[in-house]
Amino acid sequence: MNRETACEVYRRLLEHYPVVGERRHFIDFANPYEALIQTILSAQTTDRAVNAVHDALFSRYPTPEVLARAEPEEVEPIIHSIGFHHAKARYIVGTARRLVAEFGGEVPQTMEELRTLPGVGRKTANIVLSHAFGINVGIAVDTHVRRVSKRIGFTNSTNPDIIERDLVALFPEEAWRDINYLLIRHGRAVCTAQNPKHEQCLVADLCRYYRALNAGE
DNA sequence: ATCCCGAGGG
DNA sequence: CCCTCTGGAT
């Protein structure tokens with residue numbers, strides 16, 4: 001697929017998805033510390049759930065230094081409603097302690113350093129870098145991104161590293177952060193693994209999978 | 001009942 | 001690769 005078509009896909013998805021009543025929204029990051037902690041907490045939950053806990057958490061633990069002195073057991077009830085609270089309480093306290101002990105209380109700004117923090121994987125590091133620091137570090141390929149990219153025709157590969165390389169080559173750097181989430185949203189809402197909703201799809205006319213489907217009949 | 005904008009661990 | 005960890009929204 002050429003860049004023009006890819007960018008047309010990007011434009012259509014960008015215009016549509018913020019408006020469609022998605023139940024998830026990007027967290028408004030106040031500072032890198034809060035951004036990091038909130039993003040760790042966001043794994044496998046809604047941002048609404050994380051936002052619901054925001055004030056209680058950060059009024060009690062406003063800085064990495066304060067959170068580092070806490071015990072996971074006392075943090076756990078505060079974040080209970082988001083789920084996975086047992087592991088996540090340990091993650092954020094452990095992360096705060098490493099920030100203080102090894103990074104001078106600051107959030108590191110490289111993928112390598114971020115990923116050494118407990119609870120921070122590729123996806124979380126990507127989000128923190130792109131949203132909190134404006135550093136574009138590529139596209140995190142999950143199952144949604146993989147499926148959608150293959151169907152539309154952004155890539156021919158099933159290898160996540162090659163898929164990322166193809167996507168990165170196809171979109172301008174400023175778009176990486178957004179295209180990442182647009183593909184995930186689109187994959188969940190419309191381009192589902194089973195019974196994709198072609199009637200609702202904004203980019204069906206540009207989609208390789210959809211065109212092949214119709215050509216066969 | 002079903003799904004989940006992940007990470008860690010086996 | 002597989003599994004587990006959890007509550008909440010729908």
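Proteins come first, then strands; the chains are lettered A, B, ... in the order of their sequence lines, and each starts at number 1.
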Using the [atom1] atoms only, state how far [M] lies from [N], rounded to an integer number of Å.
N     : M      : atom1 : value
B/dC3 : C/dC3  : P     : 16 Å
B/dG9 : C/dG7  : C1'   : 22 Å
C/dT6 : B/dG10 : P     : 16 Å

For [X] and [N], what is the distance between atoms [atom1] and [atom2] respectively, to the nearest whole Å?
X      : N     : atom1 : atom2 : answer
A/L129 : B/dC5 : CG    : C1'   : 16 Å
A/L114 : B/dG8 : CG    : P     : 12 Å
A/R177 : B/dC5 : CZ    : C1'   : 14 Å
A/R90  : C/dC5 : CZ    : P     : 14 Å
A/L13  : B/dC5 : CG    : C1'   : 15 Å
A/Q44  : C/dG7 : CD    : P     : 14 Å
A/R188 : B/dC4 : CZ    : C1'   : 6 Å
A/Y181 : B/dC4 : OH    : P     : 16 Å

Are side-chain N/O atoms of [X] and [Y] paired as donor and acceptor at under 3.5 Å?
X      : Y      : result
A/N156 : A/R208 : yes
A/E113 : A/T110 : yes
A/S42  : A/K123 : no

* Asked: Hey, is the side chain of A/T124 poking within less than 4.0 Å of OP1 or OP2 on B/dA7, counting only N and O atoms?
  -> yes
* Residues touching DNA chain C, which here means a heavy atom under 4.0 Å, drawn from residues 73-86 of chain A -> A/H80, A/S81, A/G83, A/F84, A/H85, A/H86
* To do: Inspect the contact between A/E74 and A/R69 and indicate whether a charged nitrogen and a carboxylate oxygen are less than 4.0 angstrom apart.
  => no
* Student check: side-chain heavy atoms of A/T124 and A/L114 closer than 4.5 Å -> no
In residues 192-199 of chain A, what donor-acceptor pairs under 3.5 Å come from side-chain atoms, sequence neighbours left out?
unit_1: A/T192; atom_1: OG1; unit_2: A/Q194; atom_2: O; d: 2.9
unit_1: A/T192; atom_1: OG1; unit_2: A/N195; atom_2: O; d: 3.3

* Taking everything shown except A/E102 itself, do over 12 heavy atoms lie less than 6.0 Å from its CD? -> yes
